[in-house]
Every structure is written in structure tokens, then in C-alpha cells.
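Report on one structure; see the data block that follows.
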Amino acid sequence: MIYKHANVKNSKRYQRKVLGLKAEVSCVFVMDRIILHVDLDAFYASLEELRKPEIRGKPVVVCVYSGRTEESGAVATSNYLARELGIRAGMPIAYAKRAAKGHDVVFLPTDLDYYRETSERIMELLEEHADRFQQVSIDEAYLDVSETCRGDYGCAEKIAQEIKQEIKVQEGVTCSVGIGANKYVSKMAGKRKKPDGLTMVLPGTEADFLKDLPVGKLHGIGGKTEAELEDLGIKTASDLAGYSLNTLEEKFGKNKAKLLRDKSLGIDESPVEQKEKQQLSRIATLKQDTSDAGEAFVKVKELAEDLQKRLINAGTSFRTLTLITINNRLGMQTRSQSIEASTDINAQLPILENMLKKFLNDDPTPLRRIGVKVSNLSYRKQEKKQKTLADYGL
DNA sequence: CGACGTGTAAC
DNA sequence: CCTTTTACACGTCG
């Protein structure tokens with residue numbers, strides 16, 4: 001038995017089977033996969049409630065303060081009570097305060113170290129239940145249980161229940177789990193019931209499960225694409241599924257058209273695998289807008305310092321350096337330059353300084369935010385080292 | 001093709 | 001008057 005995307009050579013089950021079959025190797029069975037998506041519910045807010053019993057039962061809003069004024073910044077996560085007031089992730093804090101007026105809402109700053117620490121323990125716990133594992137963010141992961149469950153969705157459901165129970169008991173937080181035949185379907189399944197949900201989409205029922213969803217709710221389709229689809233009269237997943245592929249290709253190009261069609265039907269072949277980071281970046285809001293290169297460069301040096309630490313932790317060199325600027329009208333621009341592989345950003349500071357000067361010369365619109373990115377990374381091959389924070393870049 | 005800049009999307 | 005970090009696709013240029 002061979003599983004799609006299974007590491008065939010290392011699979012004991014495969015070796016047994018092949019050795020047993022000997023001559024029959026040319027006949028290959030491809031087993032459908034079973035994937036779990038686990039999403040920790042309102043993670044930051046839940047952790048704050050966990051350690052601050054006095055705020056439980058209240059709307060809680062965890063914020064990223066930019067430091068510009070007392071209240072400027074955005075919402076990182078809100079708990080479900082706050083969401084009832086319309087307070088959502090990404091919303092400017094000023095708007096959230098307006099929505100909170102007259103209610104007993106708790107506003108807190110993020111404590112990323114605390115969240116990361118807890119996340120790391122939970123991810124380790126999750127990984128133990130998976131044949132293949134992929135952490136996608138601080139609060140989300142995919143688990144491939146194809147080999148363990150061998151097509152048995154009851155088995156997958158049992159694993160999901162165990163996971164939910166363990167996380168609840170050991171860490172005191174809830175999660176929502178989606179189960180499906182691929183990553184995309186498991187993700188969409190998990191969204192169906194939150195918080196503390198468990199939703200399974202059996203193979204063959206994907207299109208039916210998705211059919212009434214507005215296209216903007218499909219993972220990977222955002223506001224822009226939603227608007228373009230709307231122009232074609234496409235509102236729901238089933239509209240999209242029934243739409244002429246030719247016409248989609250004319251509007252979106254072959255690749256994106258295929259992607260859209262797949263999303264409408266619940267098709268996704270991408271494997272569950274932990275990927276190496278391809279870029280590292282830091283961006284920050286300036287205390288005040290400036291078109292003075294010297295002033296902005298002070299911040300660049302700070303950010304570079306920080307990136308340098310992460311670079312060393314990750315054990316990688318970079319070949320491309322990018323200066324990111326966001327002006328006071330919130331337009332983003334980038335200037336990048338490729339160099340000989342380097343492991344030391346500080347040695348490349350003059351390059352950043354030049355890019356910044358040149359940039360402000362061409363366009364002196366005052367900058368609001370500034371950032372640095374390194375990409376084109378190559379990892380030093382390393383002896384099997386301990387799994388550390390840096391491994392997942394959290 | 002590689003380098004560079006932008007746009008979209010998700011967290 | 002609005003965060004941060006990452007991925008990836010696409011257009012363009014030389």
C-alpha cells in the first residue's frame with residue numbers, strides 16, 4: 001500500500017508489503033489520505049484568560065500597539081465575546097475601542113514569549129499523533145494520519161477527540177479540528193464549527209460540503225478575487241464549480257483558474273510537510289513620519305540587529321537584502337539587491353543605507369513604517385540538532 | 001533565466 | 001490615521 005505523499009522508502013508498511021509481494025511491485029495501490037487540521041481557538045485571548053482568571057467571562061482583545069500614540073495599533077486576536085461586539089483580528093484598535101464603548105471590554109498587549117512557549121508544547125503533543133506533521137503558524141497545524149488510520153475515518157475522529165482532550169487537560173485551551181481527504185478540505189471543515197468544534201468531511205462529499213459557501217469564505221480567496229468573481233456573477237462555491245473553465249482562464253490565467261476550480265470542489269494535492277523558511281523580515285512603525293534618511297536608518301539598524309539574531313538561530317545565509325517602506329499614505333514599496341552569500345547583516349548595512357537614501361531621493365513622501373527582509377536563504381547542513389524555537393521561526 | 005518590484009492572501 | 005510576518009504568483013527587464 002502506498003499513500004499519496006508518503007515517504008515511500010522509509011515506510012515499514014511499504015517495505016513489508018513489497019517484500020511480501022516481490023514480483024507484484026508494478027501494481028501500485030494509492031491510498032487516499034486522511035488529514036486533520038487543528039486550530040487553537042482565539043489562542044492569544046484564551047491564554048490571557050487562562051492566566052488572568054479575573055478577566056474570564058469578559059470580552060478580551062489582545063492588541064499589537066505600534067507605540068506611535070497611546071492607542072494606535074491593531075487587534076491581534078479577540079475572544080468570542082469580543083467578536084460578538086464586532087471586534088475582529090486586524091481591526092485598528094481605535095475602531096475596536098469604539099465598538100467596545102459601553103461594554104466591559106479588556107484590552108491587553110501581546111505577550112508573544114508566553115504564547116510561543118505554550119504553542120511549542122501543544123505542537124509537540126500534536127506531532128505525536130501524526131504520521132506527518134506541518135505547523136503552519138503559532139496556532140495551527142496539519143496532521144497526516146493516513147498510515148495510522150488506513151482509510152478509516154472513525155479512527156481519525158478518535159485521534160481528533162484524543163487531541164482535543166489532551167490539549168484541554170494539559171494546557172487548558174480548546175481547539176477546533178477539521179478532518180478531510182486533503183489539507184484544504186480539513187481546513188475548510190475546521191472552520192465550520194468553532195470554537196471547540198470537530199467536523200469531518202467524508203471523501204466524495206467535498207463539493208457538497210462547500211457548495212453554499214460564498215467564494216470569499218474559501219481559504220485562499222480573499223477580497224480582491226471575490227470581487228472579480230462577483231463581476232462574473234459567481235457568488236458561491238457551486239457557482240464557481242459550474243462556471244466555464246475557459247472563461248475563468250481568460251480572466252485569471254490558466255494557473256489561477258485551475259486553483260479556483262479546485263477550491264470550489266475541494267481538490268488539493270499538496271503534501272503535509274514541514275517547509276524551511278525562505279525569508280526572514282522585520283518591520284516596524286516609526287515614532288513619527290519622516291523623509292529623512294538618517295532618522296529612518298536608526299530604525300533600520302535596530303531591525304537588522306534583530307534579524308541578525310534570528311539568522312544565526314536559523315543557521316542560514318542570505319543572498320538578497322530588501323528594504324521595505326510604507327509611506328504615510330500606507331503605500332508599500334520595496335527595494336532589493338542581491339549580493340554574495342552573507343551571514344552578517346551588519347556588514348551589509350551600507351547597502352541598506354544606500355537603498356534608503358536613493359529611495360527617499362526619488363520619492364520624498366514621508367515614511368510611516370520601515371522594514372528589512374533577507375531572502376534567498378541557504379541553510380547550513382546541520383547535525384540533527386534539538387528542535388528549538390528558531391526551527392519554526394516562531 | 002535571474003533579479004527586481006508589485007499584488008494577493010493568510011495569520 | 002491602520003500590525004506583523006511569510007508565501008507565492010506574475011509582470012517586466014536585461
Out of [options], which has the shortest distance to the side chain of [X]?
X: A:N376; options: B:dA3, C:dT6, B:dT6; result: B:dA3
X: A:E140; options: B:dT8, B:dC11, B:dC4; result: B:dC11
X: A:T225; options: C:dT5, B:dA9, C:dT3; result: B:dA9
X: A:D139; options: C:dT3, C:dT5, B:dC11; result: B:dC11

A:S317 versus A:T343, side-chain donor and acceptor atoms under 3.5 Å: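 The answer is no; no qualifying pair exists.
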Modelled atom types, side-chain donor and acceptor of A:S336 and A:T320, under 3.5 Å: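 Result is no, nothing qualifies.
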Pairs involving residues 218-230 of chain A, ordered by first then second residue, that meet salt bridge (charged side-chain N to carboxylate O under 4.0 Å, His left out) (sequence neighbours left out):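 Qualifying pairs: A:E230-A:K235.
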Does [X] put a side-chain nitrogen or oxygen below 4.0 Å from OP1 or OP2 of [N]?
X: A:Q337; N: B:dC4; answer: no
X: A:R282; N: C:dT5; answer: yes
X: A:K187; N: B:dC11; answer: yes

Whole-Å gap separating P (C:dT4) and CZ (A:R369): 5 Å
Contact class for [X] vs. all strands (heavy atom < 4.0 Å): base, sugar-phosphate, or nothing?
X: A:S336; result: sugar-phosphate
X: A:N328; result: nothing
X: A:G90; result: base

5'-most by nearest nucleotide on DNA chain B - A:K373 or A:R319: A:R319
